[in-house]
Amino acid sequence: MVNQALKQQLDSPWDGARFARERTTGVLMGLNWSQVIALALTLGVMMILVFIGGFPRGFFTALVLGTVAAGIVVPKVMGRPLLGWVGLWLRYLLRGARNQLTFVRRDSPDDENEVSAVPAAPVLMPGEFSTVRDKSGRIKTGAGARFRLPGEANELRVYTLPSGAGFVYDPRRGEGIVCAKINTSKAFTLESFDAQEDRTANWSEAISAIARMTGVVRVQHADQTTLISGSKVMEFYQQKGTEATEAGQVSGEQVNPFLHAAFVELMAEAQDMPVHETWLTIVLSRQKVAKRVKSLGGGLPAFMQVALSAMTTIEGMLPASGTIVQSWHSPRSLAALIRSAFDPDASVVISERSGNWVGVSPSSAGPVAMEVFTDHVRTDGYLHRTYKVSEFPQAQARLGFLEPLIFAGDFRHTVSVVWSPRDVRQALNKVQRRKADWRTTTRLLDKMDKPKSLEHDREQEDIHREETELVDGHARLDLAVLITVTGGDEMELEANCSDVLARAVNANCELRVVFLEQDAAMLAAALPFAMVEMS
């Protein structure tokens, strides 16, 4: 039996699949354009100094200048050139001088258009009808509402689609955002290896298909460990019991009175319980669907109609992977996700709301106050630190290798995976440039009689694999994984971060703190808007 299982794993179509390493090739000798230009300018200044000052004064002055420039321009720290870190520090200090590292929410008239509080029903459910359309069938957008968030996210405005789902519009980027609450029908780890392979393949195909959809610029899949009240769990338990009874099935006390009584007693005493909130965010570019928007009458209503069509298509793609769209988040349920990200204590209170009070008003979604530090942010009495997965498993990665990070512990943390599709022709051109850079570096190493490192050879393997996949017709997807960890104070934050870093070792991943950009990183990782700048 063991041999048969081993043979199945050895014959897996996933054999040999691995992630590329962090890119080390550049324009020349691993240096990027900014480093090459800086060194070229330095060399020009050195020649001028030698020409003007002569020997030995000008020569030694130029030598000192070249040594200092090489020490600043050439080194890399945590995958970024030291010159880049200098730029980040200057930008951070400039933001501090402009008072842009603090955010305080100020009271303002509530300009939101109140909508249904409950998460919207799936678009494909029968009986749905529009309540926000005019006589000609066009969507009436209304005034919309602001989430009142820090930084550039403050420009986001949320509207209501005819199905009740929330449609977030970013006027700065010209993008529309919809977010689905998703869940899986079966536990992945409890399935057989063959079933895991099938589900992984179906999920991969679904993500590739979504990314290939016209207008899609980013896709975010996030899992957030959050807290809900015990009464909410008990309410869900009773609801399922009622449904089973109406269907003529046994449930609750009828199945096992002792376990039923123990569960009821446990829920009565439970203040809060950790659960996993999972969502899938789709970001559409208005520019990329401009022709279709124009054919539907133009303007924001037509863009919202395009989003509705995309939502319907997505609902039909996911079930084969064991994943279903439970609902599309409404403006209030989106605001609840945002509010609980900044203030985890609020998630327990929010989970106890019912009826028209479910969720949070969009105008109250953002933090009351936010302060940005070099390696964390503080919001509403909590500290948050965001990491980026800088290196994925280099050996054969097992299916579901991110599981240790997702289930790192019963504390607030969010794991976000973001995909960004790229044009195949542009991706091929980029691969050719990387190949030319690699060959140039190889020729220079040969002329200098310097041995090539194993890392340099492996870089060629990554380039060849990427080119092969593109030629074979695979979708080009840039990938980023961000993890936001939360703690009540510095000691708790450090303890939670230590747990996540330990789990990263089990996942064979390397995590790197997003220094000097923690506010933008948190907005990208912990909020359902996929606000990630893919390089």
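In what follows, every heavy atom counts, from backbone to side chain, and hydrogens, waters and symmetry copies are set aside. For the single chain, residues carry numbers from 1 onward in sequence order.
Separation of atoms CG (L101) and CG (D519) is listed at 7.5 Å; rounding is to 0.5 Å. The CH2 atom of W89 sits 9.5 Å away from the CZ atom of F515 when rounded to the nearest 0.5 Å. Atoms CD1 and CG, from I177 and D170 in turn, are 6.0 Å apart once rounded to the nearest 0.5 Å. Expressed to the nearest 0.5 Å, how far CG of L523 lies from NE2 of H384 amounts to 10.5 Å. Expressed to the nearest 0.5 Å, how far CD1 of I338 lies from CG of L334 amounts to 6.0 Å.
The main-chain N or O of E494 is found under 3.5 Å from a side-chain atom of S498 such that the two form a donor-acceptor pair. Judged by distance alone, with hydrogens and angles left aside, the side-chain atoms of E510 form no donor-acceptor pair with the main-chain N or O of E391 at under 3.5 Å. No donor-acceptor distance shorter than 3.5 angstrom exists from the side chain of S285 to the backbone of G174, with no hydrogens or angles considered. Judged purely by atom type and a 3.5 angstrom limit, H413 uses its side chain to pair as donor or acceptor with the backbone of L405. For the pair R378 (side chain) and L383 (backbone), a donor-acceptor distance under 3.5 Å is absent. The closest donor-acceptor contact from the side chain of R105 to the backbone of G366 lies under 3.5 Å. In this structure, the side chain of N496 does not engage the main chain of V485 through any donor-acceptor pair within 3.5 Å.
For the pair D380 and R339, the salt-bridge criterion is met [side-chain N within less than 4.0 Å of a carboxylate O]. Salt-bridge formation is detected for the pair E533/R173: a Lys NZ or Arg NE/NH1/NH2 atom is positioned less than 4.0 Å from an Asp or Glu carboxylate oxygen. Salt bridge annotation for K181-E277: present, with a cationic side-chain nitrogen under 4.0 angstrom from a carboxylate oxygen.
Aromatic pair F103/F342: centroids not less than 6.0 angstrom apart.
Among residues two or more places apart in sequence or in another chain, the salt bridge (charged side-chain N to carboxylate O under 4.0 Å, His left out) test is passed with D375 by R385. Partners of F303 by ring-ring contact (aromatic ring centres under 6.0 Å, His included), not counting sequence neighbours, listed by chain and number: F167.
Remark: of the listed residues Q287, K288, R286, R218, R218 is the sole one forming a side chain to side chain donor-acceptor pair (under 3.5 Å) with E175.
Using a 4.5 Å cut-off on side-chain heavy atoms (C-beta onward), T281 and F529 make no contact. In this structure, the side chains of T214 and V306 stay at 4.5 Å or more apart for every pair of heavy atoms. Put simply, the side chain of L482 does not reach to within 4.5 Å of the side chain of V418, judged on heavy atoms. Inter-residue side-chain proximity for L527 and L149 is flagged as met; some heavy-atom pair is nearer than 4.5 Å. Side-chain contact check for F411 versus T225: every heavy-atom pair is 4.5 Å or farther apart. Within the 4.5 Å cutoff, the side chain of I139 has heavy atoms near those of the P162 side chain. Contact check for M213 versus M317: side-chain heavy atoms found under the 4.5 Å cut-off.
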Derivation and outcome, side chain to side chain contact (heavy atoms under 4.5 Å, CB included), residues M304 and Y169: CA-CA 9 Å; M304 295 169 70; Y169 183 64; over 6 Å; no
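Looking at every heavy atom in both residues, P171 comes nearest to E155 through CD-O, 3.3 Å. The two atoms that bring Y387 and V514 nearest to each other are C-CG2, 4.1 Å, heavy atoms only. In this structure, R412 and S340 approach most closely via the heavy-atom pair NH1-O, 2.7 Å. Of all the heavy atoms in A507 and P393, the pair that sits closest is O-CG, 3.4 Å. Considering all non-hydrogen atoms of both residues, I406 and H276 come closest at O-CE1, 3.5 Å. What you find for V360 and A335 is that their closest heavy atoms are O-CB, 3.2 Å.
Side-chain contact check for S333 and S330: at least one donor-acceptor pair (N or O, by modelled atom type) lies under 3.5 Å. W279 and Q224 are not linked by any side-chain donor-acceptor pair at a separation below 3.5 angstrom, with hydrogens and angles left out of the test.
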